[in-house]
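Computed from a predicted structure; not experimentally measured. All ligand and atom numbering here is 1-based and tracks the order in the structure. Counting begins at 1 with the first residue of the sequence.
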Amino acid sequence: MAHLPFFPEQASSHAKDVDAVFLAGMGILAFFTALILILIVTFLVRYRRGTTAERDNAPNTSLRIELLWIGIPLIISIGMFAWSAVVYYRLYSPPADAYLVDVVAKQWMFYLQHPEGKREINELHVPLGRPLRLRMISQDVIHSFYVPAFRAKQDVLPGRYTSLWFQPTRVGQYHLFCAEYCGTNHAVMRGTVEVMEPADYERWLGSGSSEGSLARQGEQLFQKHHCGGCHGPSQNVPAPPLQGVYGGRVPVTREGDPSTNFITADDRYIHDSVRLPKKEIVAGFEPMMPTYDQTELSEADLLKLIAYIKSIGAEETSK
Ligand code: HEC
Ligand SMILES: [Cu+2]
């Protein structure tokens with residue numbers, strides 16, 4: 001697409017698919033625009049006042065034409081719908097082995113943390129050819145994570161995880177933008193995604209200081225905030241042990257609803273257990289879990305705690 005002015009580079013596995021749908025849509029649009037324009041001009045000239053063109057006995061019904069003008073657009077639009085649905089589905093189905101990077105957006109920057117513990121601001125380093133999934137949340141208003149060269153864009157919302165995945169296919173530096181108006185300095189909320197050769201990436205990961213893996217940092221937060229005082233063996237307040245919780249099914253009761261429902265303990269559930277503990281209460285326990293707001297645990301901290309809770313789940317099940 002390099003020959004098209006203003007067209008972004010194609011630097012991810014999504015780019016070709018998205019461009020094909022976009023260009024096909026534009027092509028269909030251009031074709032019908034031209035067809036209608038040509039017909040308008042032809043009729044204008046042919047039936048202008050004073051011409052001797054035949055005007056009598058004009059046909060006013062034609063089953064064939066009616067079937068054609070219903071049939072052709074129907075086939076085209078259903079075709080476009082099916083094709084884009086397939087591409088859309090692929091865009092929102094990350095491979096299970098995708099490498100996970102956390103994004104916390106706030107006015108006016110993107111904070112990123114890698115599972116090994118490396119942190120960055122407004123810069124994201126990624127290895128070439130490896131599918132990458134971003135788990136994103138906002139600390140304040142709605143932002144949007146947009147990398148045009150990857151054809152990847154997703155809103156980043158307060159209080160709720162959203163996700164985005166891509167597989168970089170070309171080494172280089174690409175623009176990253178916030179694509180949702182988020183206040184005074186929205187225009188400067190941008191950065192760079194740097195795609196590196198895997199070996200360079202490994203070197204980059206190993207460089208500089210790191211405070212240990214996210215799970216390790218999560219464990220420290222767990223101790224610092226005395227979560228173990230209730231969830232550990234000492235049990236000041238009866239609370240469920242957190243080993244093996246992540247990914248499993250938990251029986252909970254919801255406010256104002258006496259029945260017990262099983263729900264999956266995913267990122268959303270762990271997040272809300274800490275932020276909105278009264279929302280879902282583990283069956284058989286009292287609603288004694290304190291609420292932790294952003295001044296106590298930032299969204300980045302919560303992602304570390306989730307990494308920790310996930311890691312103790314893996315330990316438990318591998319025994
Ligand atoms: C005062 C005691 C107490 C403290 C401190 C506490 N919790 Fe809890 N927690 C509970 C209780 C009681 C429950 C079960 C009732 C409920 O769901 O609210 C619970 C439930 C949970 C659940 C859902 C568990 C499950 O089995 O589904 C998670 C996750 C959780 N807490 C994480 C944390 C984290 C992380 C911290 C520290 C930042 C923390 N808790 C601190 C008492 C506590
Ligand atoms: Cu923003």
Inter-residue atom distance [X].[atom1] - [Y].[atom2], 0.5 Å rounding:
| X | Y | atom1 | atom2 | value |
| --- | --- | --- | --- | --- |
| L276 | T291 | CG | OG1 | 7.5 Å |
| M109 | E123 | CE | CD | 12.5 Å |
| K304 | R216 | NZ | CZ | 12.5 Å |
| C230 | F285 | SG | CZ | 11.0 Å |

Review point. So what's near atom 8 (Fe) of ligand 1, protein N, O or S atoms under 2.8 Å?
Key: H231 NE2, M289 SD
Practice item. Just the protein N/O/S atoms under 2.8 Å from the Cu ion (ligand 2), please, no waters. Key: H143 ND1, C178 SG, C182 SG, M189 SD
Check your understanding: Is a side-chain donor-acceptor pair under 3.5 Å present for H125 with E120?
Key -> yes
Practice item. Verify whether one side chain among Y111 and D102 offers a donor that lies under 3.5 Å from an acceptor in the other. Key: no
Review point. Is the shortest distance from a Lys or Arg side-chain nitrogen in K16 or D19 to a carboxylate oxygen in the other one below 4.0 Å?
Key: no
Review point. Salt bridge between E299 and R275, side-chain N to carboxylate O under 4.0 Å?
Key: yes
Please state which protein non-hydrogen atom is closest to [atom] and give its distance, to 0.1 Å?
| atom | answer |
| --- | --- |
| atom 27 (O) of ligand 1 | Y269 OH, 2.5 Å |
| atom 15 (C) of ligand 1 | E286 O, 3.6 Å |
| atom 17 (O) of ligand 1 | V282 N, 3.0 Å |
| atom 41 (C) of ligand 1 | Y292 OH, 3.4 Å |

Review point. Any donor-acceptor pair under 3.5 Å linking the side chain of D293 with the backbone of T295?
Key: yes
Check your understanding: For ligand 1, is there an atom lying under 4.0 Å from some heavy atom of E280?
Key -> yes
Check your understanding: Are W165 and H14 close enough that their ring centres sit under 6.0 Å apart?
Key -> yes
**Study point:** Criterion side chain to side chain contact (heavy atoms under 4.5 Å, CB included) on Q154 and Y92, from CA distance to verdict
**Key:** CA-CA 10 Å; Q154 171 64 50; Y92 286 89; 3.3 Å; yes
Point to revise | ligand 1-proximal atoms of I281, by part, heavy-atom distance under 4.0 Å | key: both
